[in-house]
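Here the structure comes first, spelled out in structure tokens, and everything after it is commentary.
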Amino acid sequence: MKQRLSLFLKFYLFWIAFFLIQKLLFILAQYKQMGDIGWQDCLQVLLHAFPLDLSVASYIMAVYGIMMILSFWMNIRVIQWVSDIFTTIILCIALFVTIGDNGTFPFWGYHWDKSIFIYLQSPQEVLACAVWWQWFVAVILFFSMLSAWGWVGLRYLRWENVPVMNKMRTRLCQTVVWLVLIGCLFFPIRGSLTVSTMNTGRVYFSTNQMLNQAAINPLFNIIESLSENTFDVAKYTYMPTEEAQRYTQALLPENRWEKKNDIFTTSRPNIVLVILESFSSNAYEAMPNLMRLKEEGIYFSNAYSSSYRTDRGIVSLLSAFPGQPTSSLMTVPSKSQNLPQIGKVLKQEGYVSHFYYGGDEDFTNMRSYLIDGGFENRVVDKDFPIQDRISKWGVPDHVVLDRAATEILKHYEEYPKSKYFDVILTLSSHEPFEVPYTSDFSHPYLNSVAYTDSCLGAFVASLKENPLWDSTIVILSPDHGYPYPNGVTRYDPLRYRIPMAIIGGAVKRPICNTTLCSQIDLIPTILHAMGLDSQSYPFSKNILDSTQAEFAFYAFNDGYALLMPQDTLIMDAKAKMALHETNDSIKQQAQAFMQCIMEEIEKM
């Protein structure tokens with residue numbers, strides 16, 4: 001018993017030490033974002049992280065406990081072999097998650113959760129997130145750390161000293177004892193004897209959110225997210241449904257579409273929507289063409305994206321549906337097929353729709369969403385020659401925009417009386433920001449934005465040379481913002497502020513609109529100006545009606561925010577705490593809005 005218990009405790013210490021050291025590696029890897037911290041802060045991280053690390057270690061230890069029982073009945077050499085294989089597998093998984101999580105955190109601003117499995121279904125897209133040398137460093141780190149921890153395991157986690165039990169009665173008694181010990185692991189796994197179970201919010205302790213993030217165990221974060229309902233209404237239920245609806249209707253009254261929008265020269269313009277990957281208002285110096293073009297049309301100077309990833313951003317634009325903290329409607333076709341889409345509305349009006357994208361349309365179930373939206377004509381990566389697929393994400397923006405311009409003009413020349421709705425999704429300004437372009441900007445993100453902006457300028461210039469321009473509007477909107485400059489957190493409003501504009505020959509006059517608004521308001525506002533259905537979008541408002549309430553709502557990983565001219569609420573839903581709150585009233589409005597979003601999804 002003594003030898004087995006000693007070995008069991010060694011395994012326990014091995015995994016706890018592994019997780020605690022990973023915390024220090026996270027702090028080291030994210031030092032630019034950590035702020036001014038000292039060794040006392042690092043110690044606080046380790047202390048507050050311990051219960052979560054103990055919980056994950058206890059999951060693993062349950063398997064070692066079963067091995068202890070089997071060692072009474074099987075050859076010790078066989079148990080050693082099984083133990084070595086199991087330890088190696090768990091080490092590989094833990095190192096893969098730890099290194100990958102450290103690598104993506106600066107871009108994503110949150111730890112891996114179950115959404116990582118969606119991205120792993122498209123390995124090419126995952127590989128495109130980093131440049132070759134970053135993958136090389138990651139591989140070297142992986143095998144170096146695997147070797148180091150493997151050496152510790154081979155040296156100290158040996159079964160040779162575990163005695164063989166020959167007496168049947170001793171075996172049975174020891175088996176019962178170890179079954180009880182395994183059962184005791186339930187307590188550190190659960191973390192409590194009350195109704196509250198172990199969760200990542202338990203480790204939060206500081207007003208410096210990066211210290212809280214450092215204390216989170218990424219393996220536990222994945223396990224916890226897998227156990228959660230993708231669209232968990234209960235998690236976001238704060239009040240009776242009727243009360244939540246009253247708060248939301250105060251922001252979105254039924255009469256919000258009464259004012260007419262007289263902004264176009266024709267009620268049925270051709271429409272081109274350019275979705276600009278990761279364009280943030282903080283990077284305006286890298287987008288001179290967009291800044292110039294906005295002066296020619298309607299510019300929304302106080303606009304915010306609705307979420308933080310492309311799949312959410314597309315739904316926010318084409319369906320005018322807000323993003324959610326931990327779920328993506330596009331990835332669940334049974335839900336996304338029930339969303340309204342501008343493509344469906346325009347198809348009923350006789351418009352012919354095209355979608356252009358240099359990447360993989362099956363990433364995050366984009367294909368099913370687009371087909372539901374009436375995009376039978378889609379040009380994606382496989383439709384380009386292999387020599388054009390030179391970027392990590394697929395085809396670079398200048399090639400895609402050139403082809404889109406050529407085909408748009410060709411369609412107009414062949415069928416001048418038809419109406420077209422063309423959507424172009426750019427991709428080159430996505431990390432790792434490798435583009436065939438060199439600007440005056442040393443920051444890779446700014447350089448990639450400058451590249452896509454130059455492509456946009458050439459695209460618009462080619463349309464302007466054709467008579468088609470006079471009957472066309474070009475909508476310019478990012479899918480989401482980007483955490484630039486360094487230090488912008490995952491929940492900071494600066495990360496979500498975006499440049500948004502409508503230009504084109506069919507725009508009557510230039511307007512600079514300063515209304516606080518969201519990208520989910522854009523398409524319904526345009527449809528309303530065309531005299532088409534804008535009532536099917538329950539969370540959108542008419543940006544051009546100055547009598548309506550000004551607000552913008554956005555979701556970040558495990559949280560959401562409501563911005564108003566004088567008030568702001570930023571809520572961490574997992575920790576159930578306000579990260580920034582100006583008054584209790586806006587907190588109730590934000591919670592009500594979030595609740596109504598989830599209740600609307602539940603109906604789908």
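Residue numbers run from 1 in the order of the sequence given. Remember, predicted model here, so these are calculated numbers, not experimental data.
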- Sole residue of D232, D558, D113 in salt bridge (Lys or Arg N to Asp or Glu O under 4.0 Å) with K574: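 Going through D232, D558, D113 one by one, the salt bridge (Lys or Arg N to Asp or Glu O under 4.0 Å) with K574 is satisfied by D558 alone.
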- Item | Verdict with reasoning, Y110 to Y308, per ring-ring contact (aromatic ring centres under 6.0 Å, His included) | CA-CA 11 Å; Y110 59 89; Y308 55 95; 5.3 Å; yes
Smallest separation among heavy atoms of [X] and [Y], with atom names:
X	Y	result
P188	M198	O-CE, 4.2 Å
M366	L425	CE-CD2, 4.1 Å
S307	H480	O-CB, 3.5 Å

- ring-ring contact (aromatic ring centres under 6.0 Å, His included) with F321: of F539, Y369, Y537, F553, only one passes, and it is F539
- Charged N to carboxylate O under 4.0 angstrom, D567 versus K587?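 Salt bridge: no.
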- For a side-chain hydrogen bond (donor to acceptor under 3.5 Å, both in side chains) with Y247, tell me which candidate from Q588, Q595, Q591, Q589 qualifies.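 Exactly one pass, corresponding to Q588.
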Using 30° and 60° as the class limits, which term best fits the ring planes of [X] and [Y]: parallel, tilted or perpendicular?
X	Y	value
F556	Y554	tilted
F26	F105	perpendicular
W393	F363	tilted

- Taking the six-membered ring for Trp, are Y445 and F433 ring centroids under 6.0 Å apart? yes
- Can you check whether W112 and F96 have ring centres sitting under 6.0 Å from each other?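 Close enough - the centres of the two rings lie under 6.0 Å apart.
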- Task: Show your working on side-chain hydrogen bond (donor to acceptor under 3.5 Å, both in side chains) between S428 and Y437 and close with a plain yes or no.
- Result: CA-CA 11 Å; S428 295; Y437 186 80; over 6 Å; no
- Query: Does NZ or CZ of K541 lie under 6.0 Å from the centre of the six-membered ring of F551, at an angle within 45° of the ring axis?
  - Reply: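 Yes, a cation-pi geometry holds between K541 and F551.
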Counting only heavy atoms from other residues, nucleotides and ligands, does the tally under 6.0 Å from [atom1] of [X] exceed 12?
X	atom1	answer
Y238	OH	yes
F205	CZ	yes
D584	CG	yes
Q40	CD	yes

- Message: Testing the 3.5 Å rule here: is there a donor-acceptor pair between the side chains of N513 and T515?
- Response: yes
- Query: Is there a donor-acceptor contact under 3.5 Å linking the side chains of Q209 and T489?
  - Reply: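 The answer is no; no qualifying pair exists.
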- Message: Walk me through whether T514 and N302 qualify under side-chain hydrogen bond (donor to acceptor under 3.5 Å, both in side chains).
- Response: CA-CA 5 Å; T514 60; N302 203 8; over 6 Å; no
- For E277 and T452, what are the C-alpha separation, side-chain angles and deciding distance, and is it a side-chain hydrogen bond (donor to acceptor under 3.5 Å, both in side chains)? CA-CA 9 Å; E277 170 68 46; T452 298; over 6 Å; no
- Query: Can you list the steps and then say if R490 with D572 is a salt bridge (Lys or Arg N to Asp or Glu O under 4.0 Å)?
  - Reply: CA-CA 11 Å; R490 79 188 197 282; D572 187 322; 3.5 Å; yes
- Query: Okay, side chain of R256, backbone of L252: is any donor-acceptor separation there less than 3.5 Å?
  - Reply: yes
